[in-house]
Amino acid sequence: MPIIYLNGKFLPPEQAMVSVMDRGYLFGDGVYEVIPVYNGKAFRLDAHLKRLHNSLSAIRIREPMSTAEWRSMIEGLLERNPGADQYIYLQVTRGVAPKRDHAFDDSLVPAVFAMVNPIPPADPAVARDGIKTITLDDIRWHACNIKAITLLPNVLLRQQAIDAGAAEAILIRNGYATEGAASNLFIVKRGLLITPPKGPQLLPGITRDVILELAANNALPYREADISEADLRDADEVWMTSSTKEILPVTLLDDKPVGDSKPGAVYRRMSALYGEYKEKVRRGEAA
Ligand code: PDD
């Protein structure tokens, strides 16, 4: 029986109620985080809390808890929801206002919701065969670095990919590939790992940071640089990354093979390094 956290209480989900006047419900006015948990240990919690802080301040919601309070709430949630590989979904909305009004009042009390869900085990076919993706025009706004719950473009783009028999959409803005509908983008070209630099065009993914760190620590050449649509189509390897899916090798892009149409050697190396890192987290030797 899962237990969720809502505004200071741990509750069964069916007892957790929010007002229809909450601005998250009316305007999608809020931000969120997705934090993996391995063997009861939250992965990169400091980085996730820092990104949450950045998202909150970008949309002018005052931080409802201190770092110590976030940590203790998450501990309480994990104690009540034991499991192996899980993720925490954490959401903060601007709260309940007396009437529906686009403009907001700084005195509103933010609503905090968190739940734990299992991370489904990775499908071995993905590491063996890779995934199919399609490119789509990036129809999102100009502040994609904010992890906003307002995800309508991402929802529609992902669904368009699914309808085309693909697992993810790679988004193109002004001739450059930015990221996926819910993942970051990497390519490999002549042994060099490339991912677009952080900026308003993409979410600063925590998995992305871990991968760049692993590349640096293991002497794998990498660069943060813009990826043109031509670079994407000409890449030897293409990967999509996220907290829940980790690293997905792309072998089909708009129905054309990527590289030799098999997950590449750099992917296999990075996937192994990522797996080792996760094991360290499980043993409490890394965070
Ligand atoms: N999404 N870009 C977008 C648009 C995302 O939504 C996500 C993650 C990422 C990867 O970020 P991270 O490595 O920190 O998970 C990049 C989460 C998993 C989601 O919305 O469920």
Side-chain angles (χ1 to χ4, degrees), residues 4-10 18 22-25 27-38 40-79 81 86-97 103-117 119 140-151 154 178-180 182-184 195-213 224 241-244 277 281 286-287:
I4 65 96
Y5 172 91
L6 180 67
N7 297 329
K9 294 200 180 89
F10 292 103
V18 287
D22 187 282
R23 291 180 58 98
Y25 185 66
F27 293 107
D29 187 351
V31 296
Y32 75 107
E33 275 300 320
V34 172
I35 309 166
V37 178
Y38 301 117
K41 297 174 183 82
F43 184 70
R44 294 278 156 141
L45 184 54
D46 288 342
H48 281 280
L49 292 178
K50 177 83 186 10
R51 186 172 66 184
L52 177 65
H53 170 84
N54 292 343
S55 297
L56 286 167
S57 72
I59 72 163
R60 297 168 56 182
I61 292 182
R62 69 182 165 77
E63 185 125 11
M65 294 194 210
S66 66
T67 303
E69 286 167 332
W70 284 124
R71 284 181 165 279
S72 108
M73 181 275 277
I74 285 168
E75 250 169 54
L77 192 61
L78 293 176
E79 269 164 25
N81 296 278
Q86 300 172 297
Y87 71 90
I88 299 164
Y89 175 84
L90 172 55
Q91 171 181 295
V92 182
T93 60
R94 201 178 302 277
V96 175
F104 54 84
D105 183 333
D106 286 328
S107 68
L108 297 182
V109 179
V112 179
F113 164 53
M115 64 178 165
V116 181
N117 288 301
I119 297 181
R140 300 174 303 162
W141 66 338
H142 296 284
C144 299
N145 53 318
I146 302 172
K147 202 161 170 61
I149 61 168
T150 332
L151 286 173
N154 308 62
T178 55
E179 61 174 341
S183 53
N184 287 116
T195 194
K198 290 180 184 177
Q201 73 287 357
L202 56 88
L203 185 81
I206 308 297
T207 319
R208 175 190 177 282
D209 284 346
V210 173
I211 287 169
L212 293 183
E213 235 178 79
E224 291 175 85
T241 69
S242 78
S243 291
T244 46
Y277 190 82
V281 173

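Remark: side-chain polar atoms of Asp29 are not paired, donor with acceptor, to backbone N or O of Gly24 under 3.5 angstrom. Between the side chain of Tyr32 and the backbone N or O of Leu52 there is no donor-acceptor pair closer than 3.5 Å. Checking side-chain atoms of Arg208 against main-chain N and O of Pro196 turns up a donor-acceptor pair under 3.5 Å.
Looking at heavy atoms from C-beta onward, Val18 lies in side-chain contact with Leu6 at the 4.5 angstrom threshold. In this structure the side chain of Phe113 reaches within 4.5 angstrom of the side chain of Tyr89, judged on heavy atoms. Ile59 is listed as a side-chain neighbour of Val31, based on a closest heavy-atom distance under 4.5 Å. Put simply, the side chain of Arg60 reaches to within 4.5 Å of the side chain of Phe104, judged on heavy atoms. The shortest side-chain heavy-atom distance between Leu90 and His48 does not fall under the 4.5 Å cut-off. By the 4.5 Å heavy-atom criterion applied to side chains, Pro110 and Met65 are not counted as neighbours. Leu203 has its side chain out of reach of Cys144: every pair of non-hydrogen atoms, C-beta onward, lies at least 4.5 Å apart.
Salt bridge Asp105/Arg23: absent, no basic N to carboxylate O contact under 4.0 Å.
Contact record, Gly30 with Ile61: CA-CD1, 4.5 Å, taken as the closest heavy-atom pair. Of all heavy-atom pairs spanning Gln86 and Leu78, the tightest one is OE1-CD2, 4.3 Å.
None of Lys50, Arg51, Lys147, Arg44 except one satisfies the salt bridge (Lys or Arg N to Asp or Glu O under 4.0 Å) rule with Glu33; the exception is Arg51.
Annotation: Tyr25, atom OH; neighbour count of heavy atoms from other residues, nucleotides and ligands within 6.0 Å does not exceed 12.
Applying the salt bridge (Lys or Arg N to Asp or Glu O under 4.0 Å) test to Arg71 and every residue at least two apart in sequence or in another chain returns Asp46.
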